[in-house]
Amino acid sequence: METYRSNIMICAGTGCVANGSLKVKDALETELIKRNLQKEVKVVLTGCNGFCAKGPVMVVYPEDIFYQMVKAEDVPHLVEEHFIKGRPVKKFLYTPPAQKDAIPVMNEIPFFKHQVLRALRNRSLIDAEKIEEYIARDGYLAAAKALTEMTPEQIVNEVKNSGLRGRGGAGFLTGLKWELCARVSGEIKYILCNGDEGDPGAFMDRSIMEADPHSVLEGMIVAAKAIGAHYGYIYVRAEYPLAVHRLQLAIDQAKENGLLGKDILGSGFDLDLEIYQGAGAFVCGEETALMASIEGKRGMPRPKPPFPAVKGLWQRPSVLNNVETFANVPPIILSGADWFASLGTEKSKGTKVFALSGALNNIGLVEVPMGIPLRTVIFDIGGGIKGNRKYKAVQMGGPSGGCIPESLLDTPVDYENINKTGAIMGSGGMVVMDETTCMPAMAKFFLEFTEDESCGKCVPCRVGNKTLLTILARITKGEGREGDIELLLDLSQQIKDTSLCGLGQTSPNPVLTTIKYFREEYEAHIKEKRCPARVCTPLVKFVVNDEKCKKCGTCFKACPAGAITWEKGKVAYIDPEKCTKCKSCIKSCKFWAID
Amino acid sequence: MGNEAVAQQAATDNETITPEMYRRIDSIIERYKDKPGSLIPVLQQAQDVCGYLPHPVQRYVAKGLRMSPSVVFGVATFYSFFTLVPRGKHVIRVCLGTACYVKRSEEILDKIKAELELEVGEITRDKKYSLEAVRCLGACGLAPVVVVDQDTYGDVAATKVMDILKKYE
Amino acid sequence: MAKLTIADLKKIKEEYHAGQALREGGFKVKITVHMGTCGIAAGARPIMNVILEELAKSGRKDIAVTTSGCAGLCSKEPMMTIELSGEAPVRYIALTEEKARKIFAEHVMAGKPVKEYALVVGHETTY
């Protein structure tokens, strides 16, 4: 590892960035190279330390010297004095007030410390219903630049070089998708936004559409110019009324201000956008199915090729990107591909938004640099498992994804590494499960979903998933047979290999990953007729285990049916006559003493 | 449905779908008829008018948009947003998204089914409640979530859910 | 409204910052209630009502009340952020109507943050 004589930590909190801290960083780096100090002094961006009114602020280590309100033009003088002559510059010195029992700052709280907001750059800062607040945060400047200073090829190249990949799940290079469509000639093309966030346990796109709808519109304007489209749709789930309302308001305001419609910003470019409300079908997240739905048909996918870039909506060349993808576009245009690629891993650049939920202390929406270890996301940002339970698995990618066990928690979060575990990056749902979750029942839950949502067009998905579900149902009922695990594996592989669209090709993933990592649980269900997590009611005996019972009486207090007898210092007893099998006792018992 | 049930449903449909509703559907069709791909928004708005989409309404829309009734039926049955049967006075939605599932929302659903003696997608005999299972309402921070009409209840326990429903008479 | 030009965008930005900046003569306090779907489901509306009520009672004209979408930490909703001119914003979590009233009285009116209800001060990282 290289060692530096000094580190300059510059605040990259929203407040300091707005006051120009990134420009100061660039100026510092340039100046250090000019003075040949780049091997001795390192510039690092840090989170907010709470002195926002003095921004931009920076701290020089190891001297521990605090500078405030530094501007880019002050940098040469500062470098000369501090790093060459070794004299701190009094003009910028700041002594933070000593604070006893102060409220913690962002940098001290793991939930905030590890996050970097790019797609969510405006969260909690602007009123989504006021266009001037978006403009005040550099809104529509990227659209202006793309429309007046850049050719479609330049836009495509910028986005391609940034390495931005589709945030909806598959991770296709966004710039390449645009390039394919831009190359196809055609008078009429469509730009489409996928806001049909159907993964249960995922709410990234909803949050962006609600909190920052103009960022989606602006991303679409840039994309429309790149491919030569003058009309577009935003497809939004009908279950998201607030998102629909705020997007519609944003479109109306943009039209009123000449940011949509004819001759946008006097550039001569036209674009009209319209919201299309979905009617509830998970398969419409698939691009060809989504297009069929906009055409007013049953949302069924069709084979590719022809790809939508060539023949999409109404047989016209079309590009469909996800909400988060579009929200990432404006800063790429403004700050450049290199800036975007400065975060992330070799093949996965930038940041990713995740919806953290399940058995965690902190549930919420987080944006992290690609490559961050899963463990950091779950145990630092997520605050670990709630109620002193043990971590069991994290489900990523919804019904198309899989479960990742404890042993793989050091996996870096990027497209390739997550794929290797058998799960997928997906659109960003991360549901964390503790030891009270039964894995075969979890697989069954997802298959119920897929079976329900399969459009029925191709046989492997329609019949295959139903059969998987039948087998899982009998396993969780205690009627599993010898050979069921092998049958599940074999059938899953066939469904993956032969289904028409992404839904069928990925639907067995929950089954495959739970068998891969939790096979012993399937075996316990089938061979011992036992559910280790005590979830599958037919396999739970509702009998107190004498050896494990700590005689604490918690179950006695929890039972709503009065079926438990207990006295201080004695093992509890469950009366099978009175027991309603509601599992209140199991949930209350910390010692797993009820079998 | 048995024959008797079908006949009964048809009688209800004729009763609940008033001429005024058909007039409102006319104006919806008028607005959309020349726009390609307008079937889904028309059905969404027709459902807002009638509360559900019985066969007579589907046929009416088909005629208005010059489509085959089978196409309309195909679309109306494909999307979960559309319902072919009327809803109860109060609609109970139990979230079965992954986050809610992990927090045992299925037990809540089972409890309601047992207490009210109905299945998902059905309406109680007194027409007071109908029960729906939904996939993720996006309020995962409050899981498990039950929504009654417009009110969202978070952190619901299966043993307490009936107390919530009692508030809706 | 007239169609905007690129120069207008910059002007709007500058005017907005000039008009909204927390400073002498302008707004001295900005209160943001975070109202995404989950914030509303967790009870952000009653919090907003309390704030508006307290604001009316105070008669002050230098307090801006606004909303934003999801602030990210759903399990600690409802949330609100209070920023006094010249100070870092303070985020309050898990609010109730009583807590909101107390925060209004002590932080907004008297300038003293209510430590026990606050989660964090400062801005999130964006780069």
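In what follows, every chain begins at residue 1, and chains take the letters A, B, ... in the order their sequences are listed.
- Between R206(A) and T37(C), the shortest heavy-atom distance links the atoms NH1-CB, 3.0 Å.
- Here the side chains of D8(C) and N257(A) are not in contact, with every heavy-atom distance at 4.5 Å or above.
- Top candidate by heavy-atom pairs under 4.5 Å with chain A, chosen from P113(C), A71(C), P89(C), is A71(C).
- A donor-acceptor pair under 3.5 Å links the side-chain atoms of K3(C) to the main chain of K262(A), judged by distance alone.
- Looking at V366(A), there are no atoms closer than 4.5 Å to chain C (heavy atoms on both sides), in backbone or side chain.
- With a threshold of 4.5 angstrom between heavy atoms, I126(A) approaches chain C through N, CA, C or O but not through any side-chain atom.
- Side chain of R118(A) to backbone of Y127(C): a donor-acceptor contact under 3.5 angstrom is found.
- Residue L259(A) holds its CG atom at 6.0 Å from CG of L9(C), rounded to the nearest 0.5 Å.
- Both the backbone and the side chain of Y140(A) have a heavy atom closer than 4.5 Å to some heavy atom of chain C.
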Trace of the side chain to side chain contact (heavy atoms under 4.5 Å, CB included) decision for K76(C) with N362(A): CA-CA 8 Å; K76(C) 305 278 193 290; N362(A) 296 334; 3.2 Å; yes
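- Within the model, atoms CG of L117(A) and NE2 of H123(C) stand 11.5 Å from one another, a figure rounded to the nearest 0.5 Å.
- Taking CD1 of I264(A) as the start and CG of L4(C) as the end, the distance is 11.5 Å to the nearest 0.5 Å.
- Of the atoms belonging to T81(C), not a single heavy atom falls under 4.5 Å from chain A.
- Within 6.0 Å of atom NZ in K61(C), 12 or fewer heavy atoms from other residues, nucleotides or ligands are found, so the atom counts as exposed in its surroundings.
- With a 4.5 angstrom heavy-atom cutoff, E124(C) touches chain A via backbone and side-chain atoms both.
- If you measure heavy-atom distances from I135(A) to chain C, the contacts under 4.5 Å come from both the backbone and the side chain.
- Side-chain contact check for V120(C) versus E108(A): every heavy-atom pair is 4.5 Å or farther apart.
- In terms of heavy-atom proximity, S124(A) sits nearest to S68(C) at CA-OG, 3.2 Å.
- The part of L343(A) that comes within reach of chain C is its side chain, from C-beta onward, which places non-hydrogen atoms under 4.5 angstrom from that chain.
- Counting heavy-atom pairs under 4.5 Å between each of A211(A), S335(A), C52(A), A128(A) and chain C puts C52(A) at the top.
- Pairing each heavy atom of A118(C) with each of I103(A), the nearest pair is CB-CD1, 3.6 Å.
- Within a 6.0 Å sphere centred on NZ of K386(A), heavy atoms belonging to other residues, nucleotides or ligands number 12 at most.
- Nearest heavy atom pair, residue T66(C) against residue E133(A), reads OG1-OE2, 4.3 Å.
- Proximity to chain A is limited to the side chain of I40(C), based on heavy atoms less than 4.5 angstrom apart.
- For the atom pair I363(A) CD1 and E77(C) CD, the distance stands at 11.5 Å (nearest 0.5 Å).
- For A53(A) against G86(C), the heavy-atom pair with the smallest separation is CB-O, 3.0 Å.
- Few gaps surround CZ on R60(C); more than 12 heavy atoms of other groups in view lie less than 6.0 Å from it.
- Looking only at heavy-atom pairs under 4.5 Å with chain C, the residue among E210(A), M106(A), R121(A) that has the most is M106(A).
- With a threshold of 4.5 angstrom between heavy atoms, T351(A) does not approach chain C through any atom at all.
- Proximity to chain C (any heavy atom under 4.5 Å) is shown, for N122(A), by neither the backbone nor the side chain.
- Heavy-atom neighbours of K255(A) NZ from other residues, nucleotides or ligands within 6.0 Å: above the threshold of 12.
- By the 4.5 Å heavy-atom criterion applied to side chains, R91(C) and F112(A) are counted as neighbours.
- Heavy-atom distances place no part of Y240(A) under 4.5 Å from chain C, backbone and side chain included.
- Among all heavy-atom pairs drawn from I12(C) and E132(A), the shortest one is CG2-CB, 4.0 Å.
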Decide yes or no on side chain to side chain contact (heavy atoms under 4.5 Å, CB included) for C74(C) and F203(A), but give the supporting numbers first. CA-CA 11 Å; C74(C) 311; F203(A) 49 96; 3.7 Å; yes
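- The NZ atom of K10(C) sits 10.0 Å away from the CG atom of D138(A) when rounded to the nearest 0.5 Å.
- Note that the CD1 atom of I109(A) and the CG atom of L73(C) stand 9.0 Å from one another [nearest 0.5 Å].
- Counting heavy-atom pairs under 4.5 Å between each of C70(C), G72(C), G69(C), G122(C) and chain A puts G72(C) at the top.
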